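Source: prediction; values computed, not measured. We're numbering straight along the sequence, starting at 1. Counting convention: from 1, in listed order, for ligands and their atoms alike.
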Amino acid sequence: MRPGFVWGAATSSYQIEGAVAEDGRGPSIWDTFAATPGKVDNGDTGEVAADHYHRYREDVALMADLGLGAYRFSVAWPRVQPLGSGAVDQRGLDFYRRLVDALLDKGIEPWPTLYHWDLPQPLEDAGGWPERDTALRFADYAAVVHEALADRVTHWTTLNEPWCSAFLGYATGRHAPGRREPAAAVRAAHHLLLGHGLAVRAMAGARVGVTLNLTTVSPRGPADADAARRIDGMQNRIFLDPLLRGSYPADVVDDLRGTTSFDHVRPDDLATISAPLDFLGVNYYSPMLVARSAVPTPSAYVGSPHVEMVDGGRARTSIGWEIDAGGLRDLLLRLRDEYPAVPLHITENGAAFDDSPHDTARIAYLADHLRACAEAIDLGVPLRGYFAWSLLDNFEWSYGYAQRFGLVHVDYATQRRTLKDSARWYADVIARGGELGSLQRVDDHTWERS
Ligand code: FCB
């Protein structure tokens with residue numbers, strides 16, 4: 001990779017911090033959801049998580065050992081504004097000031113994300129993201145955090161994966177707040193986008209981006225082309241088009257006609273949403289293969305019940321996601337070809353495996369995806385950075401602690417951190433400026449240094 005390429009790792013507040021009732025933090029929708037029986041595997045919650053709130057210094061030292069150039073973390077809105085609006089708790093902001101200072105002290109660039117799904121519960125009680133007011137509250141909160149950290153943070157990300165917030169949170173109910181209201185989910189998607197646009201305005205002068213979870217969507221066969229178009233519309237274009245082209249895709253609006261009339265969209269909203277981005281964050285894990293289904297199935301893809309996900313026959317990670325590194329290259333090329341040029345950063349990419357510290361499968365996954373990035377760059381994609389998901393094993397949402405994505409193993413009983421082989425391998429890649437060539441692939445799950 002070129003000099004200046006950003007090498008990082010990512011985490012998020014609810015997944016690692018713990019300390020959910022400390023220093024005035026208010027409850028978030030994930031506290032409520034995780035406390036509801038049956039919502040999270042094994043009844044796990046983020047109450048303690050990786051105890052990063054207390055161990056951030058140790059974690060920053062680990063990052064420095066790995067040679068990370070940047071660290072992507074998220075700010076917990078309910079630490080900053082326990083009620084989601086109004087009063088600001090300085091103790092919450094102080095935590096992020098200390099974290100940012102510790103990072104800068106080690107020469108690691110802080111990359112905060114303002115919203116990685118932990119909405120203050122009082123805002124959900126008032127209706128949540130389906131309500132326009134939540135977008136306005138988000139912009140106020142963004143301005144508060146920006147003012148507190150602007151002197152030491154350069155790159156800001158507004159939202160992480162609004163698709164998950166809207167469609168897992170309000171359509172399937174797999175994520176907090178666990179509602180199953182398709183029309184509300186579409187409104188939520190719009191108000192997340194609007195919140196992003198208003199936040200960009202509120203943080204005038206900052207370099208701001210947004211992170212989307214994008215993927216390749218392929219039809220199983222010729223008869224499935226319309227199914228693929230629909231899923232691509234609801235997964236990728238419903239966010240990309242408003243942000244980068246200033247309009248909703250006409251076919252998606254059409255598909256959603258029976259679900260919502262889009263009367264929640266006000267005349268100036270799309271101009272606000274499409275304010276120029278300084279970068280686009282791309283989270284990529286897995287490809288999608290889709291088919292038309294005879295039987296209607298409710299899913300996150302509201303408005304398109306006659307569509308199903310099918311097995312692509314590829315190897316899977318322990319969470320069940322198919323592995324396709326070529327999909328990352330294809331996705332990046334598509335962004336280059338179909339959307340106005342904007343610098344890109346991979347803000348998440350990684351794999352869950354039931355691993356020992358000798359996690360060769362994770363090394364293989366990361367190496368293949370980094371090769372895909374290098375290919376895309378060679379083909380002219382303006383990719384400027386890569387953040388591995390995740391620095392640490394952590395609370396993997398509705399899967400709880402069973403799924404481990406970390407480069408660093410966390411023993412939850414003792415909170416002991418242990419570098420996995422992938423962490424050492426990644427440190428080596430960073431030290432070589434992205435040079436992957438010194439590694440030889442033995443088989444699908446084994447890599448050796450030559
Ligand atoms: C993404 C989330 C992140 C993590 C990974 C595995 O969808 O942004 O928090 O859970 O998946």
Side-chain angles (χ1 to χ4, degrees), residues 8-18 28-30 33-34 39-41 44-46 49-50 52 71-77 111-119 157-172 174-176 189 192 196 209-216 234-236 239 280-288 300 309 316-324 327-328 331 345-355 359 361-362 365-366 369 386-408 410 422:
T11 64
S12 88
S13 49
Y14 190 70
Q15 293 180 278
I16 64 165
E17 285 179 0
S28 80
I29 55 174
W30 269 95
F33 188 76
K39 298 296 187 194
V40 175
D41 291 356
D44 290 344
T45 76
H52 171 78
Y71 172 52
R72 175 176 180 253
F73 60 97
S74 77
V75 176
W77 187 348
W111 276 69
T113 296
L114 290 167
Y115 186 71
H116 199 128
W117 308 351
D118 39 5
L119 185 71
T157 301
T158 53
L159 308 173
N160 177 69
E161 302 189 356
W163 181 85
C164 294
S165 302
F167 297 105
L168 299 183
Y170 294 94
T172 67
R174 271 285 279 173
H175 279 188
L192 283 150
H196 156 80
V210 59
T211 280
L212 303 178
N213 50 323
L214 304 172
T215 190
T216 54
M234 288 298 287
Q235 179 72 48
N236 299 318
F239 294 104
L280 176 67
V282 176
N283 291 358
Y284 174 84
Y285 289 92
S286 189
M288 283 172 114
M309 304 297 141
R316 292 176 186 262
T317 62
S318 69
I319 203 168
W321 300 349
E322 285 191 40
I323 304 172
D324 180 19
L328 175 55
L331 167 64
H345 289 265
I346 303 300
T347 38
E348 285 181 29
N349 174 241
F353 287 108
D354 303 323
D355 47 30
D359 56 340
R362 180 169 294 102
Y365 181 101
L366 294 172
H369 286 77
Y386 177 93
F387 291 80
W389 182 272
S390 180
L391 176 72
L392 302 170
D393 288 338
N394 60 51
F395 176 80
E396 178 46 38
W397 308 114
S398 58
Y399 298 90
Y401 295 100
Q403 297 297 335
R404 293 179 176 270
F405 276 90
L407 300 171
V408 176
V410 176
S422 60

Parallel, tilted or perpendicular: ring planes of W397 versus W30, cut at 30 and 60 degrees: tilted

Mutual orientation of the aromatic rings belonging to W163 and F167 [parallel < 30°, tilted 30-60°, perpendicular > 60°]: tilted

Shortest protein heavy-atom distance from atom 10 (O) of ligand 1, along with the residue and atom involved: E396 OE1, 2.7 Å

Nearest-neighbour protein heavy atom for atom 7 (O) of ligand 1, which is reported as residue plus atom name and distance: E161 OE1, 2.5 Å

Whether Q403 lies under 4.0 Å from ligand 1, heavy atom: no

The one among Q15, E348, H175 that brings a heavy atom closest to atom 11 (O) of ligand 1: E348

Pick from Y14, F405, Y285: the one approaching atom 5 (C) of ligand 1 most closely through a non-hydrogen atom: Y285

Between T113 and N160, a side-chain donor and acceptor under 3.5 Å: no

Any side-chain donor near an acceptor of the partner, T211 and T347, under 3.5 Å: yes

Which atoms from ligand 1 have a heavy atom of [X] less than 4.0 Å away?
X	result
W117	2 (C), 7 (O), 8 (O)
H116	2 (C), 3 (C), 8 (O), 9 (O)
W397	3 (C), 4 (C), 9 (O), 10 (O)

Criterion side-chain hydrogen bond (donor to acceptor under 3.5 Å, both in side chains) against E348, the qualifying member of W389, Y285, Y284: Y285

Proximity to ligand 1 by part of N160, non-hydrogen separation under 4.0 Å: side chain

Min N/O separation W321 to ligand 1 under 3.5 Å: no

